[in-house]
Amino acid sequence: MKEYAYFPGCSLEKMASSYHKSSIETAKKLGIKLKELEDWNCCGATTYFYIDELLAYTLCARNLAIAEKTGLDVVAPCSACYKNMYFTAAHLKKDVDLAEHINFALEEDDLHFNGTVGVKHLIEVFANDIGPEELKNKVTNPLEGIRVAPYYGCQIVRPQKDKEDVEQPMFFEEMISAIGATPVNYPLKMRCCGGSLIISSRTAALGMVRNLLQSAVDAQATVVATACPMCQVNLEVYQQQVNQEFGTNFAVPIMYFTQLIGLSLEIPQKKLGIGQEFIAMAPALRQVIKG
Amino acid sequence: MDKKEKIGVYVCHCGTNIAGVVNVGEVSTWAAENLKNDGVVIARDYKFMCSSLGQELIQKDIKEQGLTRVVVAACSPHLHEATFRNACKGGGLNPYLCELVSIREQDSWVHTDKIAATEKAKAILSGGVSRVIHHEPLEPLHVPIHPATLVVGGGIAGIQAALEIANAGFPVYLVEREPSIGGHMAQFDKTFPTLDCSACILTPKMVDAGNHPNITLLTYSEVEKVDGYVGNFVATIRKRARSVNEADCTGCGICWEKCPKKVVDNVFEAGMGYRKAVYVSFPQAVPKYPVIDRENCTYYIKGTCKACEKFCPTNAINFAQEDEILNVQVGNIILATGYDLFDSRRITQYGYGRLANVFTSLEFERMSNAAGPTGGNIVLRDGKTVPKVVGIVHCVGSRDKNYNEYCSAICCMQSLKFAHLVEERTGAEVYNFYIDIRTPGKGYEEFYHRLLEEGTHFIRGKVAEISDAARLPAEEGKLIMQVEDTLTANQLRVPVDMVILSAGLEPRHDAKEVANRFGISCSADGWLIERHPKLDPVATVTEGIYIAGCVQGPKDIPNSVAQGAAAAARILGKIQQKEVALEPIRATIHEEQCSGCRICNNMCPFNAILFHEDKMVSEVNPALCQGCGTCVAACPAGAISGTGFSNEQILSQINGLLLLNIPKKEVVA
Amino acid sequence: MSKPKFAMYWAASCGGCEIAVLNIHEKILDVDAAFEVVFWPVAMDAKYKDVEAMQDGEITLCLFNGGMRNDENEHIAKLLRRKSKIMVAFGSCACEGCIPGLANFRPIKELVDTAFSTISTDNPENIRPQTSYSMPEGAITIPTLNPMLKTLDQVVDVDYYMPGCPPESHQIAAVVDLVIAALNGKAELPPKGATIGAGNSTVCDECQRKRNVKLIKEFGRIQFTEADPELCLLEQGIPCNGIATRSGCNARCPSVGAQCIGCYGPAEGVVDYGARLIAGFASVIDSDDPVEIDKILDGLVDPAGQFYRFNLAGSLLRASKSAQKG
Amino acid sequence: MTDTPETKPFEPTIIGFTCNWCSYRAADMAGTARMKYAPNVRLIRLMCSGRLDPTFVLKAFAGGADAVLISGCHPGDCHYINQNYKALRRFLLMKRVLAQMGIQPERLKLLWASAAEGAIFTREINEFVEQVRALGPLNWNTTAIEVHAEKEEVPA
């Protein structure tokens with residue numbers, strides 16, 4: 001059984017609690033143990049790096065140092081948390097002076113960042129450690145006939161880790177195929193959801209959400225699958241506002257990929273946090289799931 | 001040492017080049033006093049040792065003083081080693097008993113501290129003296145040259161080379177992997193910048209090669225193995241079964257007319273068109289005999305059909321034909337195996353293979369060719385719609401650290417040609433997206449100007465993405481090319497109907513294996529390495545193996561032809577000499593010390609080491625050995641020695657360089 | 001005419017060499033018949049002063065085993081050299097330092113500390129041997145340790161080398177036969193400086209295991225490897241020193257499934273035994289990637305120990321830096 | 001060599017091995033371009049870095065060199081196809097052995113330099129000399145090497 005240090009991040013504590021629940025449950029069912037980091041702190045989110053780089057690096061370094069103590073690689077379900085931690089680990093390995101500076105501060109907490117910890121996004125663990133073949137073997141309730149738009153968002157594959165394709169990755173599609181659903185091809189799968197622009201420049205962000213939803217609808221998607229609480233919020237919660245702003249009438253269900261996998265593994269809906277959506281689950285999906 | 005050597009030491013001033021920094025007088029006096037124990041009997045310094053007077057000085061001393069070894073401290077051995085060896089030879093001393101140590105390039109030219117430079121010169125000289133004691137008289141190896149030549153690859157470079165040699169009256173084996181010679185050039189429509197028809201200028205040469213009495217054409221064949229060495233190679237060639245008896249076939253074409261099986265032609269038509277299961281690559285193919293593609297032929301799959309056999313008027317079809325293995329003896333080899341086109345699928349953001357109307361350059365070549373799948377009509381993938389706007393992306397897979405860092409050399413001109421053809425044939429608006437326009441060739445820049453005047457748009461920027469996600473009504477149904485125009489610093493979204501990716505050139509997928517098979521090497525980016533990038537571009541480090549055309553690096557047709565001819569000229573020179581002299585720097589395995597452990601067996605990339613199972617010992621073939629010495633250093637039993645760079649020579653040189661050869665009291669701090 | 005005289009001495013060694021001599025069985029009677037044994041401390045009572053009283057060159061054959069660990073060893077080596085016509089460095093210790101020579105990896109102080117102050121030593125007052133001590137009867141002395149162990153030929157001139165830890169008995173018997181024949185004018189002795197009682201090639205020459213071109217991705221340890229009984233051990237990733245070790249033992253260890261550890265020392269003409277193994281082992285590594293090569297090399301847990309187990313004192317470097325400092 | 005008076009800064013002695021085709025030519029190139037570097041390195045020309053026998057390195061250290069430089073063609077550019085990789089394998093193993101012998105691995109350097117890289121050759125040599133100067137003299141016990149000269153003569 002593969003074990004990881006789990007960094008939920010603040011979104012999953014509240015707003016994205018369904019992502020948290022479904023992550024833990026599906027991972028468990030697939031033979032992956034997620035051990036929550038003790039005394040973790042904020043990752044700095046999307047903005048802190050632009051305000052105070054040193055403190056932002058320190059925040060992430062502290063989480064990484066805690067993870068290092070466990071001897072496990074750290075995994076984050078939130079794309080922003082993942083990107084910040086991965087980026088920090090990579091940067092501090094190169095900038096030894098900065099690492100020393102930060103370690104000086106971490107000493108207060110009896111912590112030290114050595115650069116030995118690996119950082120992974122949860123979807124990476126599902127795609128690589130389990131892989132589509134094994135996932136397919138474990139699926140008991142294939143989501144046949146369901147057209148899923150895999151929404152990667154902008155952060156999962158960046159910065160490039162190895163030689164993987166960062167322009168047109170396919171691992172999300174492969175995972176969707178593995179659970180019996182049909183991945184749809186739509187050109188905007190890698191585009192930004194608007195992120196925190198929704199606060200500072202609402203119209204621009206809503207326009208971006210509109211384009212994304214339109215692209216998914218054009219591809220006849222039943223549901224959009226996300227792998228980030230920020231993407232989920234922008235696509236789901238702001239859908240109504242998009243409709244008001246642009247006179248559209250979108251009602252596209254948005255779900256975490258962990259929820260869809262959970263359904264295909266016949267995990268009870270409640271355990272996956274289903275039932276708290278703003279946009280009701282698609283009837284087509286409701287028909288194929290059991291339990 | 002049984003007898004004491006008599007060593008002469010000569011320190012060169014090289015005008016002020018050496019003497020300006022190194023106190024040469026002090027060095028020669030020092031050597032005369034301190035290197036006596038090593039056998040130095042005379043030490044002189046002279047203005048220019050390489051002059052005829054300097055050389056005569058050495059020769060006189062050899063004769064009068066009975067010198068048995070000579071050490072010259074002057075410039076780099078790469079400059080004058082041959083000079084001083086010849087001087088010794090002239091004086092009656094074996095040339096390999098002379099050692100040239102560099103106190104110019106490695107000392108006076110790179111140091112400013114005169115005292116330190118003089119001390120270093122002493123150490124370098126001392127190293128040379130210690131080394132030369134262990135030199136042995138050597139004789140160069142002479143091997144005869146077989147007059148036949150093997151040319152691998154029947155593209156334009158290979159054809160040219162074969163014709164040059166054959167016209168000079170010597171036999172050539174021209175081996176080609178595909179059923180017909182012609183190579184990539186046969187696929188092209190027009191050639192830049194003159195726009196003459198590619199087939200029109202190539203076909204006569206193909207026919208010449210096919211009919212030449214001195215050329216043995218082996219198409220649908222591959223070289224599997226090469227044994228031997230310069231002057232005396234034996235190549236093993238597999239001639240794949242065509243399933244057609246060449247002696248009976250007239251090339252009438254009835255078989256492929258009657259064949260019921262249509263196959264997508266991924267080679268010649270770049271996947272744009274079809275051929276039959278029995279086919280010739282293209283109508284002007286040389287030789288004219290078809291081949292049966294056994295993977296797709298109904299008879300080979302199901303056991304029935306034989307339509308071709310039934311209709312063949314000369315009974316030339318032979319389903320039972322087997323591969324033939326030929327062994328040919330040749331003196332020299334030319335590799336002209338060409339290039340592969342960069343696979344545009346690798347740049348996923350350009351959407352090739354995902355977005356229908358994104359074409360590769362080779363697809364476009366076929367499309368614009370009157371004999372091609374669309375009859376020369378430039379249309380979208382649906383086969384009928386004529387594009388109104390066409391975007392051409394330059395540098396696809398080239399000048400890009402993610403793929404290939406090098407410039408593919410031909411894509412700019414090719415793209416300009418495409419732009420011209422599109423405008424001429426469809427009147428469409430054409431956008432060229434380029435990084436830089438590179439037109440270094442006769443008439444190339446003029447062609448670029450012609451395009452500018454024709455109204456082609458040139459946008460300087462690397463295309464970021466090609467997508468079908470429309471934002472504006474005008475973008476609906478189009479391909480949108482996202483690019484920053486770096487001259488105006490504007491982000492542009494250019495909607496087009498058709499995109500042509502001007503894909504770069506890559507080394508053949510099997511270039512590395514081919515290089516290994518022929519005992520030569522690939523550079524880091526995979527092209528075969530020439531002996532010298534400027535002064536010896538068609539020879540390789542392996543004697544007798546030459547390269548021509550794109551196998552050496554991306555180049556256009558005129559350059560490929562020039563290299564083909566150049567390689568041929570080099571070989572003709574060798575054939576005329578009838579024999580070749582090889583440096584006697586070789587490894588030897590001493591049989592009585594060899595334990596047959598086989599450690600050395602994987603050390604030699606030239607396959608010069610053989611293992612004798614019967615005697616359980618390994619042996620070096622001196623004609624194949626290139627003298628690198630890797631096996632000498634690797635042998636755990638110390639059973640391999642290397643002439644010219646023996647352990648004794650190097651270990652003594654270390655002693656000398658560290659001045660350990662000088663009695664302790666005399667070492668001056 | 002009196003019989004030619006024979007001496008055998010042990011300096012820093014384990015005594016295995018003398019047992020190997022006795023292991024030539026009834027051939028020992030030929031030794032007794034051909035020679036008068038004048039000095040052999042392990043086998044008979046003899047005093048240094050008896051040797052000192054001899055004429056220079058009086059002893060015909062001296063088999064000297066053991067390395068030069070202390071000044072007594074050196075003194076006797078020089079003494080026996082003077083008194084002997086033929087001086088044979090007998091066994092690995094005298095030839096190249098052998099196991100006692102491994103002490104050259106560490107400073108001499110650590111050596112003494114290990115002997116007198118480790119947990120297994122009952123020495124509560126931390127007493128150390130003194131090289132000289134005054135007694136009412138006068139000063140008594142024990143030999144002083146050299147900072148580094150030397151080989152015999154680093155101290156005296158040696159006529160012949162006979163490698164092995166210990167030399168194989170059949171080789172000793174052959175050498176005895178040769179010397180006796182030579183004394184009777186029936187054979188010729190090899191040129192001075194030659195290695196006797198061994199082959200010129202390496203252990204692989206006598207090894208019966210099958211061998212191919214060797215390319216390995218991993219070095220393993222023999223105790224954790226289930227080795228193919230027919231195939232070359234090195235090919236299976238087991239660090240066998242046979243490739244570089246002088247032949248003569250009939251590939252004793254590899255033929256019973258153990259790797260050669262190199263007791264016969266370097267092959268003919270080799271300057272540094274360890275260097276041959278560095279080159280040999282590096283040659284079988286099947287990788288061009290520095291990271292992967294390093295990973296493969298991690299499988300060799302103690303490379304210097306592997307390469308210089310028997311040869312450290314006789315190697316080019318002779319001793320580690322810390323041992324040189326004393 | 002090793003007993004330099006304390007007033008002078010320590011000048012390391014470095015033995016450098018070059019291959020005939022790339023690194024020796026890089027040294028020639030540095031000379032032709034009159035680039036300047038520290039005079040502490042004495043070069044030995046081999047045909048290929050693959051010729052580098054570990055014995056040479058040990059010999060140089062034992063003989064009093066403070067550091068050893070091994071240089072060859074860039075990976076993939078070897079004149080003899082791939083022999084420089086064989087030098088690389090030996091180099092990596094040699095470093096480990098030297099470390100066990102108490103010779104800092106930094107005293108053994110591997111440098112890839114093409115025939116055109118005189119500037120790189122110059123820069124790397126200067127850096128290496130400085131690095132070795134900082135490490136201080138190796139002072140290998142050379143007297144141990146010369147025992148042969150001191151030992152007692154055999155009676156005639």
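Labels below follow one simple rule: chain letters A, B, ... track the order of the sequence lines, proteins then strands, and each chain is numbered from 1. Only this structure's heavy atoms are used, side chains among them; waters, hydrogens and symmetry mates stay out.
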Are the side chain of [X] and the backbone of [Y] linked by a donor-acceptor contact shorter than 3.5 Å?
{"X": "Asn40(D)", "Y": "Pro12(D)", "answer": "yes"}
{"X": "Asp159(C)", "Y": "Lys192(C)", "answer": "no"}
{"X": "Arg309(C)", "Y": "Ile261(C)", "answer": "no"}

Discussion item. Do the side chains of Glu292(C) and Lys295(C) get close enough for a salt bridge, i.e. N-O under 4.0 angstrom?
Written reply: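 Looking at Glu292(C) and Lys295(C), the cut-off is not met.
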Worksheet item: Is it the backbone or the side chain of Leu138(D) that comes under 4.5 Å from a heavy atom of chain C, or both, or neither?
Response: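 Both backbone and side chain of Leu138(D) come within 4.5 Å of chain C.
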Fill in: Donor on one side chain, acceptor on other, Thr202(C) and Tyr264(C), under 3.5 Å
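Note: Thr202(C) and Tyr264(C) side chains miss the donor-acceptor criterion.
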Worksheet item: Roughly how far, to the nearest 0.5 Å, is CD of Glu96(C) from CG of Leu152(C)?
Response: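 The distance works out to 12.5 Å.
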Worksheet item: How long is the gap from SG on Cys95(C) to CG on Asn311(C), to the nearest 0.5 Å?
Response: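 Going from SG on Cys95(C) over to CG on Asn311(C), the span is 10.0 Å.
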Worksheet item: Does any pair with a residue in residues 288-313 of chain C pass ring-ring contact (aromatic ring centres under 6.0 Å, His included), and if so which ones, sequence neighbours excluded?
Response: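 Every pair satisfying ring-ring contact (aromatic ring centres under 6.0 Å, His included) with a residue in residues 288-313 of chain C: Phe281(C)-Phe307(C).
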What part of [X] gets within 4.5 angstrom of chain D, counting heavy atoms only: side chain, backbone, both, or neither?
{"X": "Ser315(C)", "result": "neither"}
{"X": "Asn104(C)", "result": "neither"}
{"X": "Asp286(C)", "result": "neither"}

Under a 4.5 Å heavy-atom cutoff, which of [options] has the most pairs with chain D?
{"options": "Gly305(C), Ser283(C), Ala279(C)", "result": "Ala279(C)"}
{"options": "Ile293(C), Leu297(C), Asp294(C), Asp289(C)", "result": "Leu297(C)"}
{"options": "Leu300(C), Ile285(C), Leu312(C)", "result": "Ile285(C)"}

Item to complete: Identify, with sequence neighbours excluded, every residue that meets side-chain contact (heavy atoms from CB on, under 4.5 Å) alongside Asn82(D).
Response: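 By the side-chain contact (heavy atoms from CB on, under 4.5 Å) rule, Asn82(D) matches Pro605(B), Tyr85(D), Lys86(D).
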Item to complete: With sequence neighbours left out, write down each residue that passes side-chain contact (heavy atoms from CB on, under 4.5 Å) with Thr55(D), or none if nothing qualifies.
Response: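 Once residues adjacent in sequence are excluded, the partners of Thr55(D) under the side-chain contact (heavy atoms from CB on, under 4.5 Å) criterion are Leu651(B), Val271(C), Asp272(C), Ala275(C), Arg276(C), Leu316(C), Asp53(D).
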Discussion item. So which residue, Pro75(D), Pro54(D), Gly102(D), ends up with the most heavy-atom pairs under 4.5 Å with chain C?
Written reply: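 Going by pairs under 4.5 Å, I would pick Pro54(D).
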Worksheet item: Taking only heavy atoms into account, what residues of residues 62-71 of chain C are found under 4.5 Å from chain D?
Response: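 The stretch does not come within 4.5 Å of chain D.
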